[in-house]
Visitor: 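Have a look at this one before I ask anything.
So that the names make sense, note that chain A is the first sequence line, chain B the second, and so on, each numbered from 1. Basis for what follows: all heavy atoms, side chains included, without hydrogens, waters or symmetry-related copies.
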Amino acid sequence: MILLGGVMVLFIWGLFLFQGSASRQETLEARLAENRNLALIISENLKQMTDRAHAMASLVNSEQAASAPERLLTLLAKDPVFTRLAIYGSDGERVFASHPGSARPSIHRWLAAMENRSPQLGAAPVLPLKAADDRASDRGPHWRLPFLVPADWADDSGATQWILVELDIGYLAGLLQHVELGQGAFIQVQDANGDEWMRADSSGVIVDGPRVPKAIVGTEPTASVKTGAATLELAGESYQYVYAARPSHGFSIVVLQPVSHILAPLYHAQQTQLAVNSSMTLLVACIVIWLVRVLQQQQRGLQALQLSENRNQELIERLAGEHARSSRAASIDHLSGLYNRRQFMDVAAQALAQQRRRRCLSALLFIDLDRFKSINDSLGHHVGDLLLQAVAGRIQHRLGEQDIAARFGGDEFVILLIGDRTESDIEQWAAGLVQHLSAVYKLEGMEINNSPSVGIAISPRDGQNLGDLVRGADAAMYSAKKAGRGQYRFYDESLNPNNEIEEFHLEQSFADALRNHEFVLHYQPQVCLETMSIIGYETLVRWQHPRFGLLFPDRFIPLAEKTGFILALGLEVVRLACEQLLAWRDDGVGVHCLAVNVSPIQLAQPDFCQQVRDLMAGYGLAAGQLELEITETAILDAQAMDNLHCLKDAGIRLSLDDFGTGYSGLAHLEAVPVDKLKLDRSLIARICNSHDDSPVVSSTIILAKRMNLEVVAEGVETPEQLVHLKVAGCDIAQGYHLSRPMPATEVPSFISTFNRLQESA
Amino acid sequence: MTLRLLALIWLCLGTPVWAAGQPTGNCSPDRLLFTMIPKKDMDEQLQEYQPLTRLLSDGLGLPVEIVRSSSYESAVDALVSGAVDVAVLGPAAYIMARTRDTGIKPFASLAVQPGTYTPAGSFYYSLLLVNADSPSRQPADLEGARVALTDPASTSGALIPKTEFSTVVSRPLSGFFGGQLYAGGHDKAMDALLARDVDAAFVSSSRVDEYLARGIIDENTFRVIWRSSPLHYDPFVFRSGLCDSLKQEIQTLMTTPSERRRAFLESQQATDITRVDHSDYRPLERLVE
């Protein structure tokens with residue numbers, strides 16, 4: 001930008017200077033041309049004047065002149081140019097003069113100088129040499145220019161006479177009075193030698209000016225006119241010197257002008273230009289400065305922007321760093337310095353994948369500290385933390401470069417072994433770890449003993465993904481704990497049949513199962529031993545699972561009880577039973593009573609009685625058609641008792657299931673409004689030889705009879721048991737011997753078959 | 001130029017006419033030739049002298065012709081050579097002429113009206129003038145200046161400066177002044193001063209008065225640095241050998257009041273034409289030497 005401004009300024013000034021010199025040159029040349037013309041004209045004028053002298057001279061011959069000078073004198077008087085005339089002989093002596101008193105007596109010196117004249121010049125009038133003038137000039141300026149003209153006639157001796165005519169300088173000066181010569185300029189009449197005869201300017205004849213040096217060179221004597229120019233130094237000033245030389249007439253007209261005066265008008269214009277240039281320069285400078293300032297401001301703005309950008313970048317980096325730090329912090333367990341669970345899962349998953357690609361064995365070790373809780377409780381959390389830190393440190397110490405360790409929380413540590421290890425390497429490593437971690441810990445001056453239980457799962461054998469491995473290692477760890485702690489165990493398939501997975505799936509599909517009516521009832525007949533007729537059926541719930549097939553209650557009832565699903569399931573079972581009863585009634589199947597198992601949890605629900613009653617009412621069933629089988633443990637709950645009484649009041653019969661195995665004692669029996677007792681199959685199984693094999697059974701039957709309760713025997717599997725039970729006084733029997741549980745569709749055919757059998761027996 | 005040539009040729013053809021010549025003392029000339037020093041522009045002077053020439057021609061019964069002179073000395077030459085009969089010369093010019101020809105006689109002179117610079121009467125001064133804005137106040141201040149003179153033969157315009165003034169500054173003019181310019185006439189000298197071509201000018205006081213009267217300058221245009229001793233006004237001079245009776249007649253005509261004379265006097269801002277003789281100009285003799 002500054003460069004541009006500088007260039008512009010340079011250009012302006014360069015142009016100015018160039019123009020200045022160009023116009024100076026032009027002005028000088030113009031003036032030179034003018035002055036040359038002036039010199040030429042004046043010289044022409046003078047030449048013509050002198051030619052008149054010749055004409056005048058020719059009018060006169062010496063004799064005539066001497067005798068009758070009046071004519072000549074009048075002529076001279078009237079002639080504005082020439083004032084005097086004299087005739088000289090060839091020797092230079094005066095023969096005649098118009099003004100004898102003033103005429104030169106002799107001109108022999110001039111004639112001597114004239115001898116060198118070329119004859120070619122003939123009769124041209126000549127300005128003689130000043131140097132050879134006899135007349136002294138101290139009386140003032142020469143007021144006359146003498147011109148020598150050879151006379152046409154010869155004297156007595158035959159030699160050429162000479163006429164001298166004198167030209168009034170006043171006349172010549174008068175010619176110039178209206179000429180604009182310009183200030184300081186003047187005109188010279190020089191002789192052939194360059195000596196000055198006359199000097200004048202437009203104001204008049206100049207006397208006593210500075211001596212003008214000779215400047216005319218190399219003029220041929222025969223040339224008619226020659227012009228030229230030069231520059232002279234005169235009294236410290238530079239002069240332009242222009243001449244028109246007439247060598248034939250022996251004079252030159254010179255015009256001199258001081259260069260400063262020639263250039264004076266230019267000066268004014270230059271001053272103006274200078275002012276303009278200066279203001280332009282100033283303007284340019286101002287603009288440049290302004291632009292530079294603007295640019296600087298912009299620059300500063302940009303810099304500030306850059307600075308803030310940098311700062312932002314820094315902040316962002318810092319933020320990123322902080323984020324990384326915080327996320328790292330979030331991924332590191334602060335206490336132990338190992339990974340936390342979350343980070344471990346990420347990192348280990350990647351490492352595992354890599355191991356899989358490399359087809360290497362990986363091992364996941366699940367470590368649980370054996371007595372951590374007791375140490376924490378007895379010695380305090382601070383010591384507990386120190387212990388954890390120590391364990392973490394020992395683990396890290398043993399880790400290989402690529403192995404990953406984490407603390408899953410509490411006292412659980414997980415290690416993923418990476419690298420190219422064999423199973424025996426892993427086993428060795430685990431053994432070493434267990435030993436290492438079992439060594440004495442010195443914490444806060446105390447000696448603490450601890451040991452780890454380590455479960456190991458190998459990939460890809462025990463699982464391909466991390467979750468499976470962790471579960472497997474966890475299970476293995478538990479088995480290590482059960483085996484006595486302070487040891488390691490490898491994961492075993494049998495430890496974890498698909499149970500857990502299955503359980504999980506089952507749990508998830510409870511709701512769907514209910515919706516999709518996947519729960520079905522199977523019916524096991526209860527036979528009256530007296531009459532050997534079917535008096536009712538026990539309903540046993542099955543789950544027709546789309547994936548797992550038909551599932552028995554032991555597979556899902558505990559789970560349902562755990563999850564609270566049992567309530568919905570229980571009601572569903574009751575509903576299904578009611579539904580089936582209705583269906584059989586409509587179909588004319590002779591089933592009059594169904595017994596439904598009720599979970600103690602369900603029984604403890606406050607509105608259970610109402611729910612059952614509503615269902616029965618909803619299906620339009622008589623109270624006696626439904627029986628509820630409850631377990632002994634159910635009686636313990638107060639709410640359950642209320643429900644039982646409520647149900648009893650509704651007319652629904654109750655039977656006590658698995659009697660003989662529960663927690664309750666016989667004492668409770670009296671408080672419970674049950675109608676039947678069902679003897680558990682384990683009791684029945686003992687009867688094999690005789691009815692007295694089980695005193696419990698006999699006694700229970702007697703007791704029940706005494707309390708007016710019916711006795712049902714479950715799990716009758718042999719005919720002998722049947723006989724013995726009948727002998728012992730059991731009322732009803734149920735078991736595989738009679739029938740296994742069957743679906744509702746098989747019941748009608750069973751009834752007819754059973755009846756037929758009985759009839760035939 | 002061409003006209004002159006033609007005139008010359010005409011004259012040449014008229015040679016026989018001139019062959020008769022003019023004998024000395026001829027009291028019946030064909031004409032009277034008059035000339036004057038070119039104090040100012042010749043055309044103007046011709047105009048101004050009309051009344052006089054008419055007066056003379058009427059009175060004498062002769063044609064009176066004025067011959068132009070291009071310089072003081074040419075007027076002198078013309079008179080000395082006898083080519084002209086009457087000439088109005090400056091005092092110094094008269095003395096120069098007289099030196100060359102003692103037969104020349106002054107016979108009359110104007111008595112001028114008073115002016116700022118010239119008192120009434122027959123005398124005038126040589127003045128050294130500068131422009132009013134010039135810093136010079138006295139003669140010594142003009143050392144090295146450029147000065148305008150008039151004609152080498154002018155009394156007030158050259159001679160008196162060369163003699164009287166150089167005495168005042170104790171140096172010849174060329175040693176005192178830086179440059180000298182012969183303007184050719186008083187008016188030209190004043191013009192040169194006005195144009196600031198020169199720093200100072202030696203001029204005749206009567207000429208300055210005339211410029212003042214004509215309004216070309218005013219009283220404050222010039223400042224007088226030096227004034228000479230009084231000089232007698234320009235004489236009317238007869239050539240030597242002029243017929244005495246003619247001289248008488250001319251003298252009478254010029255000194256007798258008449259209408260034409262009055263008109264002439266007016267043009268010259270003069271009050272009278274008085275008789276003079278050589279004694280009036282004798283003091284100048286030593287100056288001319």
Visitor: Counting the benzene-type ring for Trp, do Phe147(A) and His249(A) have ring centres under 6.0 Å apart?
Guide: no
Visitor: Hey, which of Ser71(B), Pro38(B), Ala148(B) has the most heavy atom pairs under 4.5 Å with chain A?
Guide: Ser71(B)
Visitor: Taking Ala78(B), Ala183(B), Ala195(B) one by one, which has the highest count of heavy-atom pairs under 4.5 Å against chain A?
Guide: Ala183(B)
Visitor: Between Asp168(A) and Val81(A) (side chain of the first, backbone of the second, donor and acceptor by atom type, cut-off under 3.5 Å), is there such a pair?
Guide: no
Visitor: For the residue pair Arg199(A) and Phe186(A), would you count it as a cation-pi contact if the rule is NZ or CZ under 6.0 angstrom from the ring centre and within 45 degrees of the ring axis?
Guide: yes
Visitor: What heavy-atom pair brings Ile250(B) and Leu56(B) nearest, and what distance separates the two atoms?
Guide: CG2-CD2, 3.9 Å
Visitor: Counting only heavy atoms closer than 4.5 Å, note whether Arg68(B) contacts chain A via side chain, backbone, both or neither.
Guide: backbone
Visitor: For chain A, which of Ser69(B), Ala192(B), Ser81(B) has the most heavy-atom pairs under 4.5 Å?
Guide: Ser81(B)
